[in-house]
Enquirer: 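The structure follows.
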Amino acid sequence: MMRISPVGAETLLSVLGAGSMEAAARDLHISPSAVSQRLRALEEEVGRVLLVRSKPLQPTPAAAPLVRYARQLRLLEQGVARELGDDPARLRIPLAVNADSLATWFLAPLARLAERHRAVFDLHRDDQDFTARLLEEGTVMAAVTSRAEPIAGCRVRALGVLRYEAVATPRFVATHFPDGVTADALAHAPVIDFDARDDLQTRWLLASGADPAVPPRHRIPASHDFASATLRGMGWSLLPTLQTAGLAEGALLPLGGSAIDVPLFWQQWSLRSALLDAVADEVVAEARRVLIAP
């Protein structure tokens with residue numbers, strides 16, 4: 001049976017976090033040559049190349065289960081230390097979350113957790129359709145995702161539905177939709193996308209009978225700035241109702257059409273950890289309080 005060195009896996013995790021062997025050596029208080037030797041020994045143990053020697057260093061696909069193993073060891077060690085009455089160091093909890101959840105509801109439970117637990121959070125922002133990939137790679141311990149099927153080695157819990165509605169400023173509506181939100185008017189009205197992978201506006205256009213390839217499109221890849229651009233009249237967009245509810249009355253007008261509902265789920269490693277379970281319970285409770293029930 002393959003034996004994996006915990007020291008080697010920890011060194012791999014440190015190198016990927018630091019970006020170079022020299023920086024990892026400083027973090028581990030060993031020499032760069034010792035870091036290199038540990039990694040070489042680990043690659044020999046598993047019979048795979050684990051790093052792409054680029055700047056910064058990048059993991060190969062074979063590194064993902066070893067990174068996950070090293071993070072799980074850290075969780076287990078902290079749990080053991082707490083049971084033995086030791087005061088463990090603050091554990092870094094990497095989590096993946098979509099931008100709109102981060103901008104609307106996700107920080108509140110993390111703030112409460114930070115007050116009660118010795119943990120710091122390392123957030124990775126990505127589209128909800130892609131955060132699951134970070135779990136599979138071992139980059140994060142848990143994720144807000146649109147994926148309902150459990151990832152291998154993970155547990156899944158439903159969070160709720162994030163609802164989006166098409167909106168624009170009164171001035172934008174008066175300028176671009178004087179005769180109503182028709183397919184012809186939508187062909188000429190500027191639209192705002194989050195990034196190249198954002199398909200919400202495209203889905204709404206198709207449902208409204210408009211050709212999504214025709215309108216001029218802005219791309220603004222930050223949730224707060226995306227909403228700000230809509231409020232400044234740069235274009236129309238789909239915003240979460242959680243976000244528009246806090247705006248002054250009449251700041252944005254609904255364009256009609258069907259709302260788009262995005263079901264969200266919480267996926268985390270199946271490994272039992274009191275700290276990770278506490279994070280899950282707090283996040284799930286907040287989501288079920290503010291999101292629409294599925």
Side-chain angles (χ1 to χ4, degrees), residues 96-106 124-134 143-149 158-247 250-265 287 290-292 294:
V97 60
N98 59 306
D100 288 331
S101 290
L102 184 59
T104 53
W105 65 271
F106 193 71
H124 298 251
R125 188 186 65 190
D126 206 339
D127 185 270
Q128 63 271 0
D129 295 333
F130 297 91
T131 48
R133 171 182 54 83
L134 298 174
V144 175
T145 174
S146 59
R147 182 168 166 177
E149 306 79 20
L159 293 175
V161 170
L162 191 58
R163 175 163 291 171
Y164 292 80
E165 291 183 341
V167 293
T169 64
R171 182 177 179 182
F172 187 93
V173 170
T175 300
H176 295 278
F177 305 119
D179 300 316
V181 184
T182 64
D184 182 62
L186 287 168
H188 300 91
V191 57
I192 306 173
D193 290 325
F194 187 84
D195 58 23
R197 297 183 300 187
D198 177 14
D199 68 345
L200 290 181
Q201 285 70 224
T202 292
R203 288 163 58 185
W204 189 87
L205 283 166
L206 287 170
S208 300
D211 183 351
V214 177
R217 305 181 88 120
H218 303 289
R219 285 182 184 168
I220 303 178
S223 188
H224 172 77
D225 298 330
F226 182 89
S228 179
T230 307
L231 285 164
R232 292 176 184 274
M234 289 180 63
W236 67 267
S237 70
L238 275 93
L239 291 177
T241 55
L242 277 179
Q243 200 167 29
T244 57
L247 300 176
L252 293 173
L253 300 179
L255 301 186
S258 300
I260 292 182
D261 288 347
V262 177
L264 297 177
F265 301 86
V290 301
L291 299 180
I292 298 170

Enquirer: Indicate whether any N or O donor in one side chain lies under 3.5 Å from an N or O acceptor in the other, for Asp126 and Thr131.
Expert: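 No, no side-chain donor-acceptor contact under 3.5 Å.
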Enquirer: Can you give me the closest heavy-atom contact between Phe265 and Ala148, atom names plus distance?
Expert: CZ-CB, 3.6 Å
Enquirer: Check Ala185 against Gly180 and note the closest heavy-atom contact, atom names and distance.
Expert: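 Taking Ala185 first and Gly180 second, the nearest heavy atoms are CB-O, 4.0 Å.
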Enquirer: Is Thr104 close to Val290 at the side-chain level, that is, under 4.5 Å between some pair of heavy atoms?
Expert: no
Enquirer: Taking the side chain as everything from C-beta on, heavy atoms only, tell me whether Tyr164 gets closer than 4.5 Å to Asp100.
Expert: yes
Enquirer: With a 4.5 Å cut-off on side-chain heavy atoms, are Leu253 and Phe177 touching?
Expert: no
Enquirer: Looking only at heavy atoms, what is the nearest atom pair of Ser237 and Ile192, with distance?
Expert: CB-O, 3.9 Å
Enquirer: Using side-chain heavy atoms (C-beta onward) and a distance below 4.5 Å, is Leu255 in contact with Phe172?
Expert: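 In short, these two side chains do not touch, never coming nearer than 4.5 Å.
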Enquirer: Is the shortest side-chain heavy-atom distance between Glu165 and Thr244 below 4.5 Å?
Expert: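 Answer no - side chains too far apart.
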Enquirer: Do Arg171 and Thr175 have side-chain N/O donor and acceptor atoms under 3.5 Å apart?
Expert: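 On atom types as modelled, these side chains do not qualify, holding no pair under 3.5 Å.
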Enquirer: After noting the C-alpha distance and the side-chain angles of Arg125 and Ser223, does the key distance pass the side chain to side chain contact (heavy atoms under 4.5 Å, CB included) rule?
Expert: CA-CA 11 Å; Arg125 188 186 65 190; Ser223 188; over 6 Å; no
Enquirer: Hey, what do you get for CG (Leu291) to CG (Leu242), rounding to the nearest 0.5 Å?
Expert: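 Spacing of CG (Leu291) from CG (Leu242) equals 6.0 Å.
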Enquirer: Would you say the side chain of Thr169 lies within less than 4.5 Å of the side chain of Thr230, judging by non-hydrogen atoms?
Expert: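 With C-beta onward as the side chain, the pair stays apart.
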Enquirer: Verify side chain to side chain contact (heavy atoms under 4.5 Å, CB included) between Leu239 and Phe226, making sure each step is shown before the conclusion.
Expert: CA-CA 9 Å; Leu239 291 177; Phe226 182 89; 3.5 Å; yes
Enquirer: Minimum heavy-atom separation for Pro215 to Val191, with atom names?
Expert: CB-CG1, 4.2 Å
Enquirer: Answer with yes or no whether the side chains of Thr202 and Asp199 bring together a donor and an acceptor at under 3.5 Å.
Expert: no
Enquirer: Could you pull out the closest heavy-atom pair between His176 and Pro190, with the gap in Å?
Expert: CE1-CD, 3.5 Å
Enquirer: Compare all side-chain heavy atoms of Pro212 with those of Arg217 and state whether any distance is below 4.5 angstrom.
Expert: yes
Enquirer: Got a second to check how far Asp127's CG is from Asn98's CG, nearest 0.5 Å?
Expert: 7.5 Å
Enquirer: Starting from the C-alpha separation in whole Å, work towards a yes-or-no answer on side chain to side chain contact (heavy atoms under 4.5 Å, CB included) for Gln128 and Val262.
Expert: CA-CA 9 Å; Gln128 63 271 0; Val262 177; 3.7 Å; yes
Enquirer: Can Met234 and Ile220 be said to form a side chain to side chain contact (heavy atoms under 4.5 Å, CB included), step by step?
Expert: CA-CA 11 Å; Met234 289 180 63; Ile220 303 178; 4.1 Å; yes
Enquirer: Considering non-hydrogen atoms only, spot the tightest contact between Trp204 and Gly256 and give its length.
Expert: CZ2-O, 3.2 Å
Enquirer: Would you say the side chain of Val214 lies within less than 4.5 Å of the side chain of Leu186, judging by non-hydrogen atoms?
Expert: no
Enquirer: Can you tell me how far apart CD1 (Ile292) and CG (Leu264) are? Round to the nearest 0.5 Å.
Expert: 10.5 Å
Enquirer: Does Asp193 pair with Arg219 as a salt bridge, N-O distance under 4.0 Å?
Expert: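 Looking at Asp193 and Arg219, the cut-off is not met.
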Enquirer: Backbone N or O of Leu200 within a donor-acceptor pair of the Asp198 side chain at under 3.5 Å?
Expert: yes
Enquirer: Give, for atom CD of Gln201 and atom NE2 of His218, the distance between the pair rounded to the nearest 0.5 Å.
Expert: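 Gln201 CD to His218 NE2: 12.0 Å, rounded to 0.5 Å.
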Enquirer: Take atom NE2 in His224; do more than 12 heavy atoms of anything else shown fall under 6.0 Å from it?
Expert: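 It does not: His224 NE2 has 12 such atoms or fewer within range.
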